[in-house]
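Scroll down for the structure; my scribbles are underneath it.
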Amino acid sequence: MSNQSHVIGSIDTDLYQGTIGDALHRAAILWPDGEALISKHQSLRLSFAELLVQSQNFALGLLELGLKPGDRIGIWAPNCAEWVITQFATSLAGMILVNINPDYRPRELKFALEKVGCKALVLANKSEHANYVQMVDDLKTQGDLACLEHLILISEQQQKNYHNFASVMQNGQSKNPQRLDEIQKTLQANDPINIQFTSGTTGAPKGATLSHKNILNNAMFTGLTQNFGSADKLCVPVPLYHCFGMVMGILAGVLHGTCIVLASEKFNPAAVLEAIQQEKCTGVYGVPTMFIAMLDHPDFDGFDLTSLRTGVMAGAPCPIEVMKRVIADMNMSEVTIGYGMTETSPISFQTSKDDPLDKRVSTVGRIHPHVEVKIIDEKGNITKCGVKGELCTRGYSVMKGYWNDKKKTAESIDNDGWMHTGDLAVIDEQGYCDIVGRVKDMLIRGGENIFPREIEDFLFTHPDIAEAQVFGVHSEKYGEEVCAWIRLSPNANLSEDDVKAFCKEQISHFKVPSFIRFVDEFPMTVTGKVKKNVMRDAMNKELQS
Ligand code: AMP
């Protein structure tokens, strides 16, 4: 092995060259009666054959509405079976699925849907967390969302101006499925099939555009590392709108014949523990915060988790102690850590059950197949092993680009195809990687990426706020939490609660600052840059005391 921080994954296993539709057909042939999806909160179970038929019917229903291959179809709902059916139906019809975070508030929804020109939106009705219909109706009344031609409601009820999900599916059922075969013949593995909103290395959300080939292969390799097969049942409590759920979960399930178990609409530790026990799940996914919440649940000892074997912890730095507890107390002897980002489909590094224990709990493992990574210094030169620098990824997994944004794409992917991740890492001589920090101004609260710039810009829209600086502070529960230091306009008078109330209805709850301080000035460098590290240290000290 060279002593440079440059690693190339094995090419022993060929890349999958089919489309998502091909993969679903293959699953329905290989494991027709095998359980594909169990949605506990909906009391619903589907075999692979049933999942294919329902997805085909919904695809035909979408075509019947006049939607065409290449159209963008948004999905805005917490975890449910209809999410999965929509994912496969759009793929079968060659339509591009646009994942919308169910925590988004109207201004964020409008931005995302209009940015990629969604023609249809499949949405949940109301949950305990949000009234989706109300938010869409309000935007429509203001003349927004003009690109949307169809609204499809996941609900038993009929609602004016909305198609009903079941009716669209029923409508498709009577149509000739040959139409899908004809579309299938025109689809290529390299076609864009999914857009996921992410902020990349800067503040404004952008639509990372991914192909069948990108996400199917990542799902295949992530599943292989966990040795998934048709006897496995994987509990997926991470949100489906994120690649952790819909790629590493749903697509891995279809490729490996593994059953996916959804425990609840949104993460709920008790529901996950119960689902694992009842369904005898062999794997479970989670960001570190989710595992901490499960381990710390007051009834944890009462659950039988002996069926567990594997899973993935990823999305944020994974504390060594939490990993050790997951192995010992959750019986997950083969659990792996993954590292990646949406723009790389997502996983680039993953530990393996055969790695030595210290590497399995303290690193993100080694390079994934068919992927290449280098660590570069500030001049762009590859560093020596053990020397920190920015992690860059190249290979099949790199997204096609940000939707309709050549400039931002060129800022992230260079002319040689390297995706510059904004993460700081070191790679040792055996190829194990450790994520040690970020060059991007981002914080991660319980697995949700937050870009301070976006919140700063939003706070600035308040007439009484002259300037705001947002940064992450340490949190036992969430890893990091949002803190804002605010300088008010002259003679203005705002309280912490006023600021929180201003944020609450307009930005996702996880972006609302947990801590707010009013200041007269910010600590600055001599060159006039705000010193966020000084503010962060001061807050961490204050919050600890
Ligand atoms: P996303 O695009 O939402 O998947 O977020 C990707 C970002 O999450 C990466 O660029 C990292 O900053 C962070 N991340 C993901 N996995 C890990 C991990 N295992 N350890 C540390 N940071 C991680």
Side-chain angles (χ1 to χ4, degrees), residues 99-101 103 194-210 214-215 218-219 222 225 238-249 285-291 311-320 322-323 326 335-351 355 359-368 373 375 388 390-393 397-399 402 408 412-413 418-427 432-452 454 472 478-480 508 510-511:
N99 306 358
I100 310 284
N101 185 337
D103 283 331
N194 181 217
I195 299 176
Q196 304 193 17
F197 277 89
T198 155
S199 296
T201 51
T202 57
K206 295 175 287 288
T209 307
L210 299 158
N214 283 149
I215 53 181
N218 210 265
T222 318
T225 323
V238 291
L240 293 177
Y241 83 86
H242 189 268
C243 36
F244 201 171
M246 57 99 70
V247 177
M248 295 161 66
Y285 282 174
V287 296
T289 322
M290 294 179 178
F291 282 103
V312 177
M313 191 188 298
C318 306
I320 295 177
V322 179
M323 273 301 285
V326 164
V335 65
T336 68
I337 289 182
Y339 158 81
M341 73 189 308
T342 305
E343 288 88 336
T344 59
S345 299
I347 293 295
S348 303
F349 282 89
Q350 194 176 2
T351 57
D355 291 332
K359 300 288 184 199
R360 290 183 55 208
V361 298
S362 66
T363 75
V364 295
R366 287 190 280 191
I367 189 82
H368 244 225
V373 160
I375 307 291
K388 168 171 100 170
E390 186 182 7
L391 191 153
C392 301
T393 311
S397 61
V398 174
M399 64 168 176
Y402 294 120
K408 293 280 177 215
S412 299
I413 305 175
W418 291 103
M419 170 77 207
H420 293 244
T421 63
D423 289 315
L424 287 172
V426 283
I427 293 182
Y432 289 98
C433 178
D434 195 7
I435 306 297
V436 294
R438 298 170 206 137
V439 273
K440 53 193 170 191
D441 188 14
M442 179 184 94
L443 65 118
I444 308 180
R445 178 192 179 275
E448 294 277 6
N449 295 356
I450 299 173
F451 285 80
E454 197 188 334
Y478 294 109
E480 286 174 288
S508 301
F510 59 87
K511 296 180 193 165

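Atoms within a ligand are numbered from 1 in the order they appear, just like the ligands themselves. Along the sequence shown, residues carry numbers from 1. All values derive from a computational prediction rather than experimental measurement. What's counted below: heavy atoms across the whole structure, side chains too, no hydrogens, waters or symmetry copies.
- Tyr402 does not carry Lys408 over the face of its six-membered ring by the limits of under 6.0 Å from the centre and within 45° of the normal.
- Enumerated by chain and number, the residues approaching ligand 1 to less than 4.0 Å through a heavy atom are His242, Gly315, Ala316, Pro317, Gly338, Tyr339, Gly340, Met341, Thr342, Val364, Asp423, Ile435, Lys440, Met442, Ile444, Asn449.
- At least one donor-acceptor pair under 3.5 Å links the side chain of Asn218 to the backbone N or O of Ile347.
- Considering all non-hydrogen atoms of both residues, Pro452 and Asp441 come closest at CD-O, 3.0 Å.
- Applying the salt bridge (charged side-chain N to carboxylate O under 4.0 Å, His left out) test to Asp434 and every residue at least two apart in sequence or in another chain returns nothing.
- Here Arg366 pairs with Asp355 under the salt bridge (charged side-chain N to carboxylate O under 4.0 Å, His left out) rule; sequence neighbours left out.
- Judged as a salt bridge (charged side-chain N to carboxylate O under 4.0 Å, His left out), and not counting sequence neighbours, the contacts of Glu480 are Arg438.
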